[in-house]
S.K.: 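Below: one structure in structure tokens.
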Amino acid sequence: MGYRAEKNKIESKIRLIRIIALCVALVIVLGLCVFSVFVPPKTWKYYVAKPSVAERGDGELRIHFIDVGQGDSALIELPDGKVALIDGGDTSDQASKAVLRYLNALDIDVIDYLFVTHSDADHCGGLTAVLQYKTVLNAYLPFVNPEYTTATYLQFYQEVLAEECEIVYTSREMLLQDKEKTYQLSCLYPYSLDTDSNMLNGEEPECSILWLEYKGVGALFMADATMAREGELLRDDELNMLPVGVDLTRTKILKVGHHGSKYSTASALLEYCNIEVAVISCGKGNPYGHPTEETLERLRDAEVTTFRTDRDGAVMITINSTDGFGVNLIK
């Protein structure tokens, strides 16, 4: 082959490579244009760096403890396909990104049940962004006296009103149950909006405490409850004063109260409820020293397998009818 022919062959390859590169660039630009039509640019941060979460299997109930830093957020995928979100971290970009990226990773656009345990910013702050980008059908809220609440909660509450979803103020009762009664979610505290002493004094209650059960496995979400509140729950369980169907001795999973504060998670609670797995939601290097060594020691003494979002990231617990429950760390 002559020099000219070889040169023409090389130039043809170069032109072909340029054409292919141009086509690829055009496809990328076109794809971004189409993407931006459905996903506004300001929300792109909620669609990148999403966690890798497998699809939920038939008949499974999954609890996701989302790493929102120093705050609380738990997502529940119910076996009937409905979704519940408990709290949403604080007002930081870290928290809202963590929650929305997790929802997007699971292709969740509608939240059937939104629960807010109390008005502290590290529990309700990130939910304002959630309400802006997702549809919420039912909001279960604590009674909040404006004199004792935070500006963060008031901003969140305005978003709830704008959403025009059904609002329920939580008190001790059975809240959710599927038709086959395979699962139930109950509120254990506050007692009622009419009789609770904190309500009568014009203050908001300490926090809402929730209990979930599926296939004989119970999960207790303690929010920021203290040991005093734990003691009251154990007393009421022994006296059969909790909602119908609740049996704290069937609790296997514990969302540790108040991020692992030394004033929560008494040994009596761990032993009475037969806790096997505990999850502590806290931020790396937080200024409160959570979780405290006192709480960690009580968990170790009770031989409870403990996970921490500051160390382990998001934690997913799967409950099914054959294997009981299992734990996976989500990255």
Side-chain angles (χ1 to χ4, degrees), residues 63-74 86-87 117-118 122-123 186 188-189 206-242 246-319 323-330:
I63 307 171
H64 307 264
F65 297 94
I66 304 173
D67 179 12
V68 292
Q70 185 63 18
D72 266 15
S73 186
I86 304 175
D87 293 334
T117 58
H118 58 300
D122 62 332
H123 289 251
S186 300
L188 308 186
Y189 183 81
E206 182 179 332
C207 60
S208 297
I209 299 173
L210 302 173
W211 188 80
L212 172 70
E213 184 185 36
Y214 179 59
K215 299 295 184 181
V217 177
L220 186 59
F221 301 84
M222 293 301 294
D224 280 2
T226 62
M227 289 183 183
R229 191 65 66 204
E230 295 168 7
E232 292 175 10
L233 289 182
L234 302 188
R235 176 205 64 194
D236 290 352
D237 190 62
E238 291 178 330
L239 296 175
N240 295 316
M241 294 174 58
L242 297 181
V246 175
D247 181 353
L248 291 184
T249 63
R250 295 199 298 267
T251 306
K252 306 293 185 184
I253 302 160
L254 175 69
K255 201 296 293 181
V256 170
H258 206 188
H259 321 289
S261 160
K262 66 179 180 180
Y263 301 109
S264 66
T265 319
S267 297
L269 177 75
L270 300 174
E271 295 169 4
Y272 183 92
C273 295
N274 301 305
I275 301 298
E276 296 180 12
V277 169
V279 179
I280 302 173
S281 184
C282 58
K284 293 181 180 179
N286 67 82
Y288 311 102
H290 295 157
T292 62
E293 183 56 34
E294 294 96 323
T295 297
L296 294 175
E297 184 176 358
R298 289 193 291 270
L299 289 164
R300 287 193 295 266
D301 290 344
E303 299 183 349
V304 176
T305 302
T306 303
F307 298 91
R308 298 164 42 172
T309 58
D310 65 332
R311 182 187 62 195
D312 303 313
V315 180
M316 179 179 73
I317 298 180
T318 303
I319 306 173
D323 304 320
F325 69 93
V327 182
N328 295 94
L329 303 182
I330 305 300

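Numbers for residues simply follow the sequence, beginning at 1. Computed from heavy atoms alone, side chains included, the values below leave out hydrogens, waters and symmetry copies. Quick caveat, the model's predicted, so the values are computed rather than measured.
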S.K.: Are the side chains of Val279 and Ile63 in touch, meaning some heavy atoms are under 4.5 Å apart?
M.R.: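 No, their side chains stay 4.5 Å or more apart.
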
S.K.: Starting at CZ of Arg300, measure out to OG1 of Thr295 and round the result to the nearest 0.5 Å.
M.R.: 10.5 Å

S.K.: Less than 4.5 Å apart, any side-chain heavy atom of Leu254 and any of Met222?
M.R.: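 Leu254 vs Met222: side chains touch.
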
S.K.: Could you check whether Asn286 and His259, counting side-chain N and O atoms only, form a donor-acceptor pair closer than 3.5 Å?
M.R.: no

S.K.: Give a yes or no answer on whether the side chain of Glu213 reaches the backbone of Arg250 with a donor-acceptor pair at less than 3.5 Å.
M.R.: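 No; zero donor-acceptor contacts below 3.5 Å.
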
S.K.: Can Glu271 and Arg298 be counted as an ion pair, charged N to O under 4.0 angstrom?
M.R.: no

S.K.: Are there over 12 heavy-atom neighbours, none belonging to Tyr263, within less than 6.0 Å of that residue's OH?
M.R.: no

S.K.: Using a strict threshold of under 4.0 Å (side-chain N to carboxylate O), is an ion pair present between Glu232 and Arg229?
M.R.: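 A salt bridge links Arg229 with Glu232.
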
S.K.: First locate atom CG of Leu233, then atom CG of Leu188, and finally report the distance between them rounded to the nearest 0.5 Å.
M.R.: 5.5 Å

S.K.: Is the closest side-chain heavy-atom distance between Lys215 and Phe325 below 4.5 Å?
M.R.: no

S.K.: So how far is it from Ile275 CD1 to Thr305 OG1, rounded to the nearest 0.5 Å?
M.R.: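 Taking CD1 in Ile275 and OG1 in Thr305, the distance rounds to 11.5 Å.
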
S.K.: State the CG-CD1 distance between Asp312 and Ile330, to the nearest 0.5 angstrom.
M.R.: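 Interatomic distance, Asp312 CG to Ile330 CD1, rounded to 0.5 Å: 11.5 Å.
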
S.K.: Keeping Thr306 on the side-chain end and Val304 on the backbone end, is there a donor-acceptor pair under 3.5 Å?
M.R.: yes

S.K.: Kindly check if the number of other-residue, nucleotide or ligand heavy atoms within 6.0 Å of CD (Glu303) is above 12?
M.R.: no

S.K.: Could you go step by step and tell me if Leu269 and Leu220 meet the side-chain contact (heavy atoms from CB on, under 4.5 Å) rule?
M.R.: CA-CA 11 Å; Leu269 177 75; Leu220 186 59; 4.2 Å; yes

S.K.: Measure across Asp67 and Cys282 and return the closest heavy-atom pair with its distance rounded to 0.1 Å.
M.R.: OD1-O, 4.5 Å

S.K.: Output yes when a side-chain donor or acceptor of Thr251 lies under 3.5 Å from a complementary backbone atom of Ala219, and no otherwise.
M.R.: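 Side chain of Thr251 to backbone of Ala219, a donor-acceptor pair under 3.5 Å: no, none is there.
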
S.K.: For residues Ser264 and Ser261, is any side-chain donor paired with an opposing acceptor at under 3.5 Å?
M.R.: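 Side-chain D/A pair, Ser264 to Ser261: absent.
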
S.K.: Identify the two heavy atoms, one from Lys262 and one from Met227, that lie closest to each other, and give their separation to 0.1 Å.
M.R.: O-CE, 3.3 Å

S.K.: Could you check Lys255 against Ile86 for side-chain contact (heavy atoms from CB on, under 4.5 Å), going step by step and ending with a plain yes or no?
M.R.: CA-CA 11 Å; Lys255 201 296 293 181; Ile86 304 175; over 6 Å; no

S.K.: Run the numbers on Thr265 and Leu270 for side-chain contact (heavy atoms from CB on, under 4.5 Å), then give the verdict.
M.R.: CA-CA 7 Å; Thr265 319; Leu270 300 174; 3.8 Å; yes

S.K.: Is there a donor-acceptor pair closer than 3.5 Å between any side-chain N or O of Ser73 and the backbone N or O of Asp87?
M.R.: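 Judged by distance alone, yes, a pair lies under 3.5 Å.
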
S.K.: Out of curiosity, Phe221 CZ to Ile253 CD1, how far, rounded to the nearest 0.5 Å?
M.R.: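 With rounding to 0.5 Å, CZ (Phe221) is 7.5 Å from CD1 (Ile253).
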
S.K.: Restricting to non-hydrogen atoms, name the atom on Ile280 and the atom on Gly260 that form the minimum distance, rounded to 0.1 Å.
M.R.: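 What the structure gives for the nearest pair is CG2-N, 4.0 Å.
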
S.K.: Show your working on side-chain contact (heavy atoms from CB on, under 4.5 Å) between Asp224 and His123 and close with a plain yes or no.
M.R.: CA-CA 10 Å; Asp224 280 2; His123 289 251; 3.1 Å; yes

S.K.: Of the non-hydrogen atoms in Thr309 and Phe65, which two are nearest, and what is the gap between them?
M.R.: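 The answer is CG2-O, 4.3 Å.
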
S.K.: With no hydrogens and no angle check, is any side-chain donor or acceptor of Ser281 less than 3.5 Å from a backbone partner on Gly71?
M.R.: yes

S.K.: Atom CG in Leu234, atom CG in Leu242: separation rounded to 0.5 Å?
M.R.: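 Reported value, rounded in 0.5 Å steps: 9.5 Å.
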
